[in-house]
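Okay, so here's the structure we're looking at.
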Amino acid sequence: MLKPEFEDIVKQISQVVLGKEEQIRLALTCLFAKGHLLIEDIPGIGKTTLAKVLAKCLGLTFQRMQFTSDMLPGDILGVSIFRPKTGSFEFHPGPIFTHILLADEINRATPKTQSALLEAMEERQVTIEGKTRHLNNPFFVIATQNPLEHSGTFPLPESQLDRFLMRIEIGYPGRSAEKKILQGNGREQKMSHVDNCLQGDDVLNIQSRINEVHASDALLDYLQDILQFTRTSDRFHVGLSPRAGLALLQAGKSFAFLHGRDHVLPEDVQRVLPWVVRHRLKSRESLGEFTMERITEILHEVPVP
Amino acid sequence: MTMIKPENESREMGYLIGALVVALVPHIPSLPIWINTWCFLAFGYMILSLRKKWRQPPRWIRIVLTCIGIAGILSSSGHQIGSSTYQSLLAIMATLKPLEIRSHRDKMITLFFAYFIMITSLFQSESLLISLYMFFSVFVTTAVLIQVNHPGNRFPSSLRLSGKILIQAFPLMVILFLLFPRIEGSMWGITPRSTARSGFSDTLSPGNISRLVLNSEIAFRARFPEARPKPDQLYWRGIVFSTFDGRNWKTDTGAPLRKNPVQGKQAMTYQIRLEAGRHPWLFALDLPVSGQQDEIILADHTIRSGRNIVKPIQYQVTSYLTYNTGPMHSWEEITRSLPESGNQMARALAEKWRRENSRPELIIQRALAYFTENPFSYTLKPPILKKQVIDDFLFRSRKGYCEHYASAFAFLMRAAGIPSRIVAGYLGGETNPYGDFLVIRQYHAHAWTEVWLDSRGWVRIDPTSLIAPDRIELGPAGGLPAEDLPDNLLGRDFSELTSFRNQFYFFWEAVNNQWDIWFSGYSHLEQKSFFEQLGLNLQSSWKRAAVLLLILTILAIAFLLFLMQKLHKTIVGPDIVQEAYEKFCAGLRQIGIIRKPDQGPADFAAQIRSLKPDIAHQADEIITLYIRIRYMGKTTPEDEKRLQELVNRFDPVRKT
């Protein structure tokens, strides 16, 4: 259970996205940790809804983009248009100038467009026609991709995947939750019931407070042991990078904070670990991804100091 | 590379010079005066030049000085190149090396040179004092070595580190001492200086022995495991002089090996540790019966070693204090003969005694009575004797030391037809109350006479004991007139042990004796028996080397493990928190609550709550405290103590 104020947010969101409290908690963890979220699942499972409700609940602006293969970077970042009246170019900001950007089916865009978005994610600023423009703060990208469709897609390379703090799956709803979905009113109507739980600078405050969460030496040792294990074990194609380590720590801090603690426990790292590292690791044998079970094996093999 | 400030540089030079001086000190007594002066001036100049910031002398001056030094050594040592020559050379080099120090490398070479000089002080002596001093100089030089390599250090901290290193090296030193293969014979063929001091030669002339009174050096030490002989039995037999040429007595090289066993009573077994001396004679109480295998007992009842004693040796002898040497051998006929002529007055006197007395015993008594009846006196400073030495002594000067009396008496006996000879050795010895041993010094040297009697064989007659009866009881100072006493015997009152000075003197002697027995005397034989005591019968030296190698390897591994552990500790620190937590987990394991290695504390607390609600409260308290210390970063020492307390009090087994 989270701290009551955060558990309220979870409750609000789960009015719309039924029976997915765990995923909602993880999404919140990721966003408060200033990380971008990748949701990987089949269509129609509620990815977009989750993103929308999150934005509304956190009191942030929201933009959605459906990625296609004929998309150009300008479609995301914005373009300058010549105004004959003034005789000058006027910048039309793209959808990226928002707080939460839902990049639907990101793997459908060409690498050129993908990388324009991913660069903006990393730098939190865009340079268009020689002029650097800062993005909003906070700025999150919630990207979705369909793992099953392959034709006409450009899978994100590892280096790009690395920029997402977490990758989660939503999965089918439980039987009772699905019944409620089937019984319930339309989504739009439900959405209107959702209240703004946070306002204004609340998200920024939370983010800065998460930075102050204490990670002790013992915890860092544990974290390093995990990193070292992935680097020395022969199961992994390539071990975790220092950036992955930072991501793990940041997610752990956020998770601890949401649970009302000012320090990180090994448990926090353990809870977030599968979602933080699974998209960053590849099996040495198959060069494919690990199953959830195999990822949790990491936890079992690294003792808590 | 940081630049060293000039004042630091000159201070460092001062330390280097100090290390050299400390290393050279033990050599001072054996170096010629001009070398000592040279060293004094050179080091003085260097210290002065550091103060005044003079520049180093140019290269040609150093070359000239080197040439002068080497030429000086060669001319002063003459043709005889011994350890003293090498020492002089080292001293000269030690004074010249600091003049050319420029780089770090030069400093290191100078320091290793200081270490080398230290080792060579063992040429001087292996005594306790030198060894202790070597510890001191290794300590100082190592500190300078540390200082040179860490110029930022303060010197006291370098000294402290040096001391620490030496203490750590101590066990290794002991092991190497015990196990390192002993080299037989003298290393590098250089004999220690102390060998030149033995007072005996194969010729006995007047003055030979009285000269030794000035020498306080130890000749040997004797240890009696059982009873100790009485003072008048302490005649240490060494050399027999059988031939007289009218002035000097010579040893008879013709004495064969002793074949017939000697008959006697009052057997006494004792150990002797003989100091080095360039002669083959081993000393033993009158009359040695058996020695060890290395030595030879000659038919004149003296013991000889196979070769000259250039290193201190230890041996065990059994002697009969009363004995009968049996019939005379043909080779001993020489003990009857005198030169054709000379010393006519003495011959006449002896002839007169022979005519008056039929039995040899009576002649001997008559001769001894002659010494007591006439005004003979015992002195270290006898007048110079004329050509007819015996006549001059017996009838004119009548002043002499033991060799005069022994010589005159032996002459008289031969002239009277009684076979006689002179035995030289030592008489008496200092009793040390701190150890069960006697110290026999060079000034205990003595000469006495033996005459041959039909029924008893060779009989010891000591004419000196009539002139100076106190000589036996009180040692060499006893019989001498006060004005005759040399400095080394003055004011030493051995009969009492009252003054602190005497107590210290004897204590120091006893310590030295132990040192010599256990350390200097640790030869390859002792090493072998040490191995045998350990149950290792290692005949070949390669086996011994293998054992040494094995032990060193084990030591090295142990040291490595120690180092690794220490390194680990310095990184993590002694983790009492973790220990307490593990103890807590171990306690819970006994009641079936097992913490998985990857289980975090909060999860573990939840597990305990669900499995054993009755102890959950206590366990929660511990885990909460543990989390606070371990993960919240707000540790106080009290917290750690409290955690230990809680864990110690926590006993899940009894609770259930």
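In what follows, every chain begins at residue 1, and chains take the letters A, B, ... in the order their sequences are listed. Please read all numbers here as calculations on a predicted model, not as lab measurements.
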query: Mind checking whether B/F584 and B/F650 have ring centres under 6.0 Å apart?
result: yes

field: Student check: side-chain heavy atoms of A/V269 and A/I226 closer than 4.5 Å
entry: yes

query: With a 4.5 angstrom heavy-atom cut-off, which part of B/Q599 approaches chain A: side chain, backbone, both or neither?
result: backbone

field: B/R595 portion near chain A, given a 4.5 angstrom heavy-atom threshold
entry: side chain

- request: Using a cut-off of under 4.5 Å on heavy-atom pairs, state which of B/E582, B/R628, B/M632, B/R630 scores highest against chain A.
  value: B/M632

task: Could you tell me whether A/E40 and A/K47 have a side-chain N and a carboxylate O separated by less than 4.0 Å?
output: no

message: Looking at chain B, which one of A/H300, A/E301, A/R261 has the largest number of heavy-atom pairs inside 4.5 Å, strictly under?
response: A/H300

- prompt: Using 4.0 Å as the upper bound for N to carboxylate O, is an ion pair formed by A/R175 and A/E178?
  reply: no

